[in-house]
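Each remark here refers to the structure printed beneath this line.
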Number of protein chains: 2
Amino acid sequence: MKLITRHTAYAVGAILFAAKSKQDIISVEEFYKGTRIPKAFLRKILQILSKRNIFSSFKGKQGGFRLRKNSNQISLIDIADIFQEGLKINECFFKKKLCDSEKNCALKKKIDDIERMVVKELESITIASLLNYNKRRRLK
Amino acid sequence: MKLITRHTAYAVGAILFAAKSKQDIISVEEFYKGTRIPKAFLRKILQILSKRNIFSSFKGKQGGFRLRKNSNQISLIDIADIFQEGLKINECFFKKKLCDSEKNCALKKKIDDIERMVVKELESITIASLLNYNKRRRLK
DNA sequence: ACAAATGATACTAATATGGTATCATTTATT
DNA sequence: AATAAATGATACCATATTAGTATCATTTGT
Ligand code: FES
Ligand code: FES
């Protein structure tokens, strides 16, 4: 079904790594060592995340990225929004005819409802909640 | 987000059309007139739906397709299952490393939960419920 | 015999996703 | 001042998925 794409998942991976790290500024190289996400790709993702203020970035020697928000202030929906254009609600699946108008298209209405549910769920999943999940498991 | 693809939506359109029609056997040409879904494509979709026992098909002159199930016995999940391979639950988004093992990957767990929710919702949307929705609107 | 239908299947086109490469710019260090 | 280590911007390529067309074979009513 692909609720999230690899971009999103990788971004989450990078953010999780940064959130766990005690280091302040982390370079792509270091992210790579921690996550094994292909370096060039990872870099592009981090650049985008910087532009969107999830990270701040520092050029030049000793440069890298610093997580800019607290882990409970970042939710999956934020990340998915950045990388998945399609999060916007779909338009008419048909080219009319099936339903008199898009406004009272049963299929569209129902699917839109589900999408809204999914969005709400994604909102509720924060980076912090992911960290916690892992921490809890580790205790057992 | 694309919970359903065009294949699925078209299939639903064709099924709705057949369910509403008083005609018994309907040819692709007639489906086309009713739905304006591209004929060749529609035909392929109907063929697939026949193989999957949603329609029975009749070759030769006066042939076509007859809806084989009652409209409350067909749910969106049935159709989506046929046309969207990806309904199966996703595998690891990464190539390991981020999480120790796929079994206790927080991200995957949470996304899987949402997917199961979506599946349940799709199950609850029957062709009959779509027909009803439209009927109800029309009364106002 | 023929025309009107579907079956099977191969092919093409468009789009979205995933990923790489390169040159420009900035900055800490020496 | 020179250099090396970093990101910024951006163009490009590769792959997969989705969407759609075309064609030949087969069946069947008239
Ligand atoms: S999907 Fe477009 S009018 Fe129903
Ligand atoms: S997504 Fe694969 S181990 Fe977490």
Side-chain angles (χ1 to χ4, degrees), chain A residues 1-11 13-14 23-33 35-66 68 80 82-88 90-91 93-95, chain B residues 1-11 13-14 23-33 35-66 68 80 82-88 90-91 93-95:
Chain A
M1 206 173 321
K2 196 137 75 168
L3 298 183
I4 67 173
T5 64
R6 211 119 109 200
H7 286 87
T8 301
Y10 281 174
Q23 225 180 308
D24 184 36
I25 294 180
I26 306 174
S27 71
V28 169
E29 184 63 34
E30 291 162 326
F31 273 107
Y32 172 68
K33 283 191 190 134
T35 63
R36 293 292 153 180
I37 296 163
K39 224 180 293 184
F41 195 24
L42 182 57
R43 192 174 156 209
K44 197 161 71 169
I45 289 170
L46 286 165
Q47 284 183 4
I48 292 169
L49 289 172
S50 294
K51 266 195 212 150
R52 303 307 214 83
N53 296 322
I54 308 282
F55 284 97
S56 8
S57 74
F58 302 90
K59 287 173 106 177
K61 217 166 173 176
Q62 306 301 334
F65 301 85
R66 173 200 288 143
R68 204 167 174 175
I82 292 173
F83 294 102
Q84 296 169 223
E85 190 52 27
L87 274 188
K88 61 170 188 288
N90 293 309
E91 303 143 29
F93 307 116
F94 302 91
K95 329 215 154 125
Chain B
M1 204 172 323
K2 196 138 74 168
L3 297 182
I4 66 172
T5 63
R6 210 118 110 202
H7 285 87
T8 301
Y10 282 174
Q23 225 180 307
D24 184 36
I25 293 181
I26 306 174
S27 71
V28 169
E29 184 63 34
E30 292 163 326
F31 272 107
Y32 172 69
K33 283 190 190 135
T35 63
R36 293 294 153 179
I37 296 162
K39 223 181 294 184
F41 195 23
L42 182 56
R43 191 173 158 211
K44 198 161 71 169
I45 289 170
L46 285 166
Q47 284 184 5
I48 293 168
L49 289 171
S50 293
K51 266 196 211 150
R52 302 307 214 84
N53 297 322
I54 307 284
F55 285 96
S56 9
S57 74
F58 303 90
K59 288 173 106 177
K61 218 165 175 177
Q62 307 303 333
F65 300 86
R66 173 200 289 143
R68 204 167 174 175
I82 293 174
F83 294 101
Q84 297 167 221
E85 189 52 27
L87 274 187
K88 62 169 187 287
N90 292 310
E91 303 144 29
F93 308 116
F94 302 91
K95 326 209 156 131

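So you know, we letter chains A, B, ... as the sequences are listed, proteins then strands, and number each from 1. All figures in this text were calculated on a predicted structure; none of them were measured in a lab.
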### Task
Could you label the plane-to-plane angle of the B/H7 and B/F83 rings as parallel, tilted or perpendicular, counting under 30° as parallel and over 60° as perpendicular?
parallel
### Query
Between atom CD in A/Q47 and atom P in D/dT10, what is the gap in whole Å?
10 Å
### Query
Just to confirm, is there a sub-4.0 Å distance from OP1 or OP2 of D/dG8 to any side-chain nitrogen or oxygen of A/S57?
yes
### Task
Give the rounded distance in Å between these two atoms: CD of B/E30 and P of C/dA4.
13 Å
### Query
Reckon B/Y10 has a side-chain N or O less than 4.0 Å from the OP1 or OP2 of D/dG20?
yes
### Task
Mind calculating the distance between CZ (B/R52) and P (C/dG7) to the nearest angstrom?
15 Å
### Distance in angstrom units between B/I25 CD1 and D/dT27 P, rounded
18 Å
### Query
Run the side chain to side chain contact (heavy atoms under 4.5 Å, CB included) check on A/L3 and B/L3 step by step: do they pass?
CA-CA 8 Å; A/L3 298 183; B/L3 297 182; 4.0 Å; yes
### Task
Indicate, with a heavy-atom threshold strictly under 4.0 Å, whether A/G60 touches base, sugar-phosphate, or nothing.
base
#### Entry: B/K44 NZ - C/dA10 P separation (whole Å)
11 Å
### Query
Between A/K33 (NZ) and D/dA6 (C1'), how many Å, whole number?
14 Å
### Message
Taking 4.0 Å as the cut-off, does a side-chain nitrogen or oxygen of B/S27 come that near to OP1 or OP2 on C/dA4?
### Response
no
## Note on the structure
Comparing B/G63 with A/T8, nearest DNA chain C nucleotide closer to 5' gives the residue B/G63
### Query
So is B/R36 actually on top of B/Y32's ring, under 6.0 Å and inside 45° of the axis?
yes
### Message
Under a 3.5 Å threshold, yes or no: a donor from one side chain and an acceptor from the other, between B/S27 and B/E30?
### Response
yes
#### Entry: Nearest-angstrom distance from the residue atom CD1 of B/I37 to P of D/dT18
18 Å
### Query
What does B/K51 touch in the nucleic acid at a heavy-atom separation under 4.0 angstrom: a base, only the sugar-phosphate, or nothing?
sugar-phosphate
### Query
Does B/H7 make a side-chain N or O approach to OP1 or OP2 of D/dA19 shorter than 4.0 Å?
yes
### Summary
Here the distance between atom P of D/dA6 and atom CD of A/Q23, to the nearest Å, is 11 Å
### Summary
Comparing nearest nucleotides in DNA chain C, the 5'-proximal residue of the pair B/L46, A/F41 is B/L46
### Task
Please check the phosphate of C/dG18 (OP1 and OP2 only) for any side-chain N or O of A/T5 closer than 4.0 Å.
yes
### Query
Which atoms form the tightest heavy-atom contact between B/Q84 and B/T5, and what is the distance?
OE1-N, 2.9 Å
### Query
Per the atom types in the model, does the base of D/dG29 pair as donor or acceptor with the side chain of B/Q62 at under 3.5 Å?
no
#### Entry: Contact nearer the 5' end of DNA chain D, comparing B/E85 with B/K59
B/E85
### Task
Report yes if a side-chain nitrogen or oxygen of B/R43 is closer than 4.0 Å to either non-bridging phosphate oxygen (OP1 or OP2) of C/dA8; otherwise report no.
no
### Message
Using heavy-atom distances to pick each residue's nearest nucleotide on DNA chain D, tell me which of A/K2 and A/F58 is more 5'.
### Response
A/F58
#### Entry: Closest approach of B/A14 to B/F31 (non-hydrogen atoms, all atoms of both residues)
O-CE2, 3.3 Å
